[in-house]
Amino acid sequence: MPELPEVETVKMGLKRLLPGLVVTNVKHDWPKSFPNTKAEVGEFLIGATIIDVRRRAKVLMIDLSSKYSLVIHLKMTGQLVFRGKNSFGAGHPTDSLIGKLPDKSTRVSITFKNSERLYFNDQRKFGWMRLMPTIEISNIDFMRKVGPEPLEPDFSANDFIKRLHKRKNSKIKAVLLDQTIVAGVGNIYADESLFAAKIHPFSQVSAIPQSRLKILHQELRAVLFLSIKKGGSTDRNYVDALGRRGSYIDFALVFRKENQPCPTCGHEIIKIRVAGRGSHICTHCQKLYKRSRN
DNA sequence: CACTTGACCTGTCCGC
DNA sequence: TGCGGACAGGTCAAGT
């Protein structure tokens, strides 16, 4: 499930591969995955040159010379995989987890002038890609409401705490997952950062001491930075722009570690449900800050 | 208004 | 071996 580090990894890969390429053909089968009309594609995508690749929260943007952009959300099982003569510049073809493309999960294929290709695969069809004017991206509802980038140098602990308190009556995990509070955090990094900060995910925001939230701010950033360094987490589906897995999951302390000993204290890690999500915790290390009832 | 739950999907896994 | 159902979780819409 692509979260900030995974989307950032894909972005860095595509930014190295795509700029300068000219689109010659586009194939798409599933309208929800790519809702644009043939006319729009013909006018603003075919023949356009790729200028830049950007990320905001978990959203990718591929900017085109037509002043349009491809805006992409990978949601749970989306993949963007590039195939071409430069695809293996940073690794070896056998590093790829993906076989022959297109495959049955391919929703969109974009062909470039030199016959290189970019594939948008999405098993569960939750993800989407759409072509729209670049200047209108900031008007998308999601973009208007999304919170700050947690890895920006000016994202301070005070900002973080202030924003968390917008939902002071909610469980801390639900708030971390709320994209309008902080951008880019999903289930993996919520669990890992809460464990590192020794906070039980069920804790009510207003009951957690400021000093603890300050540590959470620090740990969240540390976890996200480390994951980018490791190329993200390949839990089941995620791959980078060259189809390779990320290795952060090998460094995870609690995520998907139920029934295993806590690396800190040895108590068994358990899996519970918080805010409708599977959550991995050590009840011995992670303190539950309860509501104070007034 | 604040907050929680369900829908969108398909592949995988578990129990019978 | 086959089959039904639970489960995975990002985001938006609908519900409490």
Side-chain angles (χ1 to χ4, degrees), chain A residues 1-10 28-35 55-60 71-80 97-99 102-108 120-130 137 139-147 149-150 163-194 201-207 224 227 232-239 246 248-249 252 254-259 270-281 291 294:
Chain A
M1 48 248 52
E3 304 180 28
L4 188 153
E6 289 74 29
V7 181
E8 178 65 18
T9 302
V10 172
H28 50 104
D29 64 339
W30 187 253
K32 284 187 179 174
S33 297
F34 189 91
R55 177 190 65 78
R56 173 77 171 100
K58 299 172 191 169
V59 177
L60 276 164
V71 182
I72 304 153
H73 201 306
L74 301 173
K75 292 283 181 87
M76 319 287 295
T77 55
Q79 304 170 326
L80 278 173
L97 269 190
I98 312 292
D103 62 23
K104 64 177 174 176
S105 75
T106 300
R107 309 292 165 219
V108 186
F120 174 43
N121 290 345
D122 187 14
Q123 210 171 72
R124 289 175 66 181
K125 301 179 176 175
F126 284 5
W128 47 263
M129 170 183 287
R130 62 186 265 223
I137 295 174
N139 295 329
I140 301 174
D141 253 18
F142 177 86
M143 289 298 186
R144 302 177 76 101
K145 292 189 289 191
V146 71
E149 289 289 326
R163 298 189 70 85
L164 291 180
H165 275 266
K166 289 183 169 198
R167 292 190 58 187
K168 60 189 165 73
N169 295 318
S170 296
K171 300 174 189 84
I172 182 65
K173 175 149 180 182
V175 182
L176 282 178
L177 295 174
D178 184 339
Q179 300 300 297
T180 69
I181 302 297
V182 187
V185 182
N187 209 33
I188 299 174
Y189 304 106
D191 277 7
E192 290 295 312
S193 61
L194 286 170
F202 220 84
S203 300
Q204 183 194 24
V205 170
S206 63
L224 295 173
S227 184
S233 302
T234 297
D235 176 35
R236 357 179 83 90
N237 226 263
Y238 165 75
V239 291
Y248 176 81
I249 209 79
V254 288
F255 189 77
R256 291 280 157 80
K257 303 271 185 195
E258 60 267 37
N259 308 322
I270 60 165
K271 186 173 178 183
I272 60 171
R273 220 163 169 80
V274 183
R277 301 278 174 270
S279 303
H280 308 79
I281 59 166
R291 52 188 71 212
N294 73 329

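For clarity, every value in this text was computed on a predicted model and none was experimentally measured. Below, chain A is the first sequence line, B the second, and so on; all start at residue 1.
Residue A:His73 places none of its side-chain N or O atoms closer than 4.0 Å to OP1 or OP2 of C:dG10. Side-chain nitrogen and oxygen atoms of A:Gln179 include at least one within less than 4.0 Å of the OP1 or OP2 phosphate oxygen of C:dT11. A:Arg273 has a side-chain polar atom (N or O) that falls below the 4.0 Å cut-off from OP1 or OP2 of C:dA8. Using a 4.0 Å cut-off, some side-chain N or O of A:Lys32 falls inside it from OP1 or OP2 of B:dC9. Considering only side-chain N and O atoms, A:Lys125 lies nowhere under 4.0 angstrom from the phosphate OP1 or OP2 of B:dC8.
Residues A:Asp141 and A:Lys271 each lie close to DNA chain C; by heavy-atom proximity, the contact nearer the 5' end of the strand is made by A:Lys271.
For the pair A:Lys32 and A:Trp128, the cation-pi test (distance below 6.0 Å, angle within 45°) is failed.
A:Thr77 and A:Tyr238 are not linked by any side-chain donor-acceptor pair at a separation below 3.5 angstrom, with hydrogens and angles left out of the test. Between the side chains of A:Gln79 and A:Asp122, no donor-acceptor pair of N or O atoms lies under 3.5 Å.
Judged as a salt bridge (charged side-chain N to carboxylate O under 4.0 Å, His left out), and not counting sequence neighbours, A:Arg163 has no contacts.
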Is there any protein nitrogen or oxygen under 3.5 Å from a nitrogen or oxygen in nucleotides 3-7 of chain B, and what are the pairs?
residue	atom	partner	partner atom	Å
B:dC3	OP1	A:Asn169	N	3.2
B:dC3	OP1	A:Asn169	ND2	3.4
B:dC3	O5'	A:Ser170	OG	3.3
B:dT4	OP1	A:Lys171	NZ	3.3
B:dT4	OP2	A:Arg167	NH2	3.3

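B:dG6 and C:dA6 are spaced 16 Å apart, taking the C1' atom of each and rounding to whole Å. C:dT11 and B:dC1 have their P atoms separated by 24 Å, with the value rounded to a whole Å.
Nearest to the side-chain atoms of A:Trp30 among the listed nucleotides B:dG11, C:dT11, B:dC9 stands B:dC9.
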Audit row: A:Lys173, A:Asp191, salt bridge (Lys or Arg N to Asp or Glu O under 4.0 Å) steps and yes/no: CA-CA 8 Å; A:Lys173 175 149 180 182; A:Asp191 277 7; 2.5 Å; yes
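Stem regions for DNA chain B, each three or more consecutive Watson-Crick or G-U pairs with both distances under 3.5 Å and listed by first number, read B:2-8 with C:10-16, B:10-16 with C:2-8.
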